[in-house]
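The next block holds one structure in the form of structure tokens; read it before the comments.
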Amino acid sequence: MIRDTNKHKGLRNQLVAQIKRKGIKDENVLKAISKIPRHLFMDSGFIDFAYQDKPFPIGADQTISQPYTVAFQTELLEIIPGDKVLEIGTGSGYQTAILIELKAEVYSIERQKELYKMAKKFLPQVGYVPKKLVFGDGYAGLPESAPFDKILVTAGAPYVPKVLLSQLKIGGKLVIPVGKGIQVMTVIERKGPKKFERHEYGDFRFVPLLKDSNK
Ligand code: SAH
């Protein structure tokens, strides 16, 4: 396996400076990005692209999200150590690692078997051990482990699945890009059993959240 070198660390610091200029302020999020070797989450043929602020293909027609987008979503989550977090769309596991670095207890669901298997093997190898990785359909959430303090959707959802709202603790928060083609970054806070507050944070572009897992 390709290791983490000083060259990679240098490139990572430049990336952190760049996403800071784009508006990310949360020091813990910036620290997590400066620490985690993103190149190890990508195919070794493409490590030169690892520290550009761009999404990149990871197989199965999916991408590792753009670092700025990862930082933006993570900042919105306002992770407190010990938070129980459900991630939908494990993909490369990079966002999963960021959440674990912030001391969240992470449950993550992926519908592409190949990516699920890869993340399951790879994350512990780099020292990031999620509470649970699940092969399945994120539209259903994870009822057996609910409720969650935070839920993060890392693919573009055509609508907000009601099931996910029902799996939030009171005071909990869902971060989800909503829309077809272009998505509006949306945060929904659960204020009471039936009371939800919605805020929007601008346009992003994600791979789509797909129905039905390919089991
Ligand atoms: N967090 C990932 C982002 C990957 S892109 C990373 O940092 O690499 C979004 C991921 O969502 C893809 O891996 C895709 O396969 C997955 N996905 C799409 N629809 C899904 C669904 N219904 N349930 C679970 N995962 C889904």
Side-chain angles (χ1 to χ4, degrees), residues 32 41 58 60 62-65 69-70 73-124 126-178 183 185-198 206-215:
F41 291 75
I58 51 170
Q62 303 304 325
T63 58
I64 180 170
S65 301
T69 305
V70 171
Q73 288 199 294
T74 311
E75 189 167 72
L76 286 175
L77 280 172
E78 298 183 303
I79 298 291
I80 296 166
D83 267 356
K84 194 172 154 189
V85 180
L86 174 64
E87 177 192 23
I88 293 170
T90 316
S92 67
Y94 178 70
Q95 170 77 72
T96 317
I98 297 271
L99 294 169
I100 296 171
E101 182 64 36
L102 294 172
K103 302 190 173 62
E105 190 179 279
V106 185
Y107 299 73
S108 187
I109 309 176
E110 171 58 53
R111 76 181 279 285
Q112 299 283 355
K113 192 151 214 177
E114 173 192 340
L115 298 177
Y116 158 76
K117 278 190 180 161
M118 233 153 56
K120 193 160 175 87
K121 187 164 165 229
F122 175 70
L123 279 168
V126 278
Y128 291 102
V129 183
K131 184 84 181 173
K132 201 169 181 189
L133 287 185
V134 179
F135 169 55
D137 180 7
Y139 277 96
L142 203 57
E144 65 270 30
S145 306
F148 298 95
D149 295 294
K150 314 276 162 70
I151 300 178
L152 170 65
V153 179
T154 71
Y159 58 90
V160 178
K162 286 225 164 61
V163 172
L164 297 185
L165 294 175
S166 75
Q167 293 181 12
L168 276 178
K169 289 185 190 172
I170 310 289
K173 200 187 245 199
L174 167 67
V175 174
I176 180 167
V178 186
Q183 290 83 34
M185 190 63 77
T186 305
V187 175
I188 300 177
E189 275 183 76
R190 187 170 199 178
K191 296 288 190 185
K194 290 190 175 165
K195 196 169 175 233
F196 295 91
E197 226 174 72
R198 184 178 181 133
F206 285 79
V207 294
L209 186 68
L210 299 170
K211 289 244 174 177
D212 306 324
S213 61
N214 61 345
K215 282 178 193 172

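Values reported hereafter were calculated over all heavy atoms of this structure, with side chains retained and with hydrogens, waters and symmetry mates removed.
Checked against side chain to side chain contact (heavy atoms under 4.5 Å, CB included), Glu101 has the following partners two or more places apart in sequence or in another chain: Ala32, Lys35, Ile36, Tyr128. Considering only residues two or more places apart in sequence or on other chains, Gln95 meets the side chain to side chain donor-acceptor pair (under 3.5 Å) condition with Thr74.
When side chains are defined from C-beta on, Arg198 counts as touching Val160, because their heavy atoms get closer than 4.5 Å. Looking at heavy atoms from C-beta onward, Ile176 lies in side-chain contact with Pro161 at the 4.5 angstrom threshold. With a 4.5 Å cut-off on side-chain heavy atoms, Lys117 and Lys121 do not count as touching. Put simply, the side chain of Glu144 reaches to within 4.5 Å of the side chain of Lys132, judged on heavy atoms. Leu123 has its side chain within reach of Leu133: a pair of non-hydrogen atoms, C-beta onward, lies under 4.5 Å apart. The shortest distance between side-chain heavy atoms of Ser92 and Leu115 does not fall below 4.5 Å. Phe41 has its side chain out of reach of Ile58: every pair of non-hydrogen atoms, C-beta onward, lies at least 4.5 Å apart.
Residue Lys191 holds its NZ atom at 12.0 Å from CZ of Phe196, rounded to the nearest 0.5 Å. Remark: Leu102 CG to Asp83 CG distance equals 10.0 Å, nearest 0.5 Å.
Of all non-hydrogen atoms in Ser108 and Thr90, the two that sit nearest each other are OG-OG1, 2.7 Å. Nearest heavy-atom pair, Leu174 versus Leu168, reported as atom, atom and distance to 0.1 Å: N-CD1, 3.9 Å. Shortest non-hydrogen contact noted between Gly138 and Ile109 is N-CG2, 4.0 Å. Minimum interatomic distance between Phe206 and Gln183 (heavy atoms only, all atoms of both residues): N-OE1, 2.7 Å. Residues Pro193 and Ile170 share a closest heavy-atom pair of N-CD1, 3.4 Å. Counting all heavy atoms, side chain and backbone alike, Lys120 lies closest to Pro124 at O-CD, 3.2 Å.
Looking only at distances, no side-chain donor or acceptor of Glu87 sits under 3.5 Å from a matching main-chain atom of Leu152. Panel note: side chain Asp149, backbone Lys84; a donor-acceptor pair is recorded below 3.5 Å. Remark: the backbone N or O of Leu76 is paired with a side-chain donor or acceptor of Lys173 at under 3.5 angstrom. Judged purely by atom type and a 3.5 angstrom limit, Thr154 uses its side chain to pair as donor or acceptor with the backbone of Ile88. Checked by atom type and distance alone, the side chain of Gln73 pairs as donor or acceptor with a backbone atom of Val153 at under 3.5 Å. Although no hydrogens or angles enter the test, the distance criterion places a donor-acceptor pair under 3.5 Å between the side chain of Gln167 and the main chain of Ala140. Using a distance-only test at 3.5 Å, with no hydrogens or angles considered, a donor-acceptor pair links the side chain of Lys150 to the main chain of Glu78.
Ring geometry, Tyr139 versus Tyr159: the interplanar angle falls from 30° to 60°, so the pair is classed tilted.
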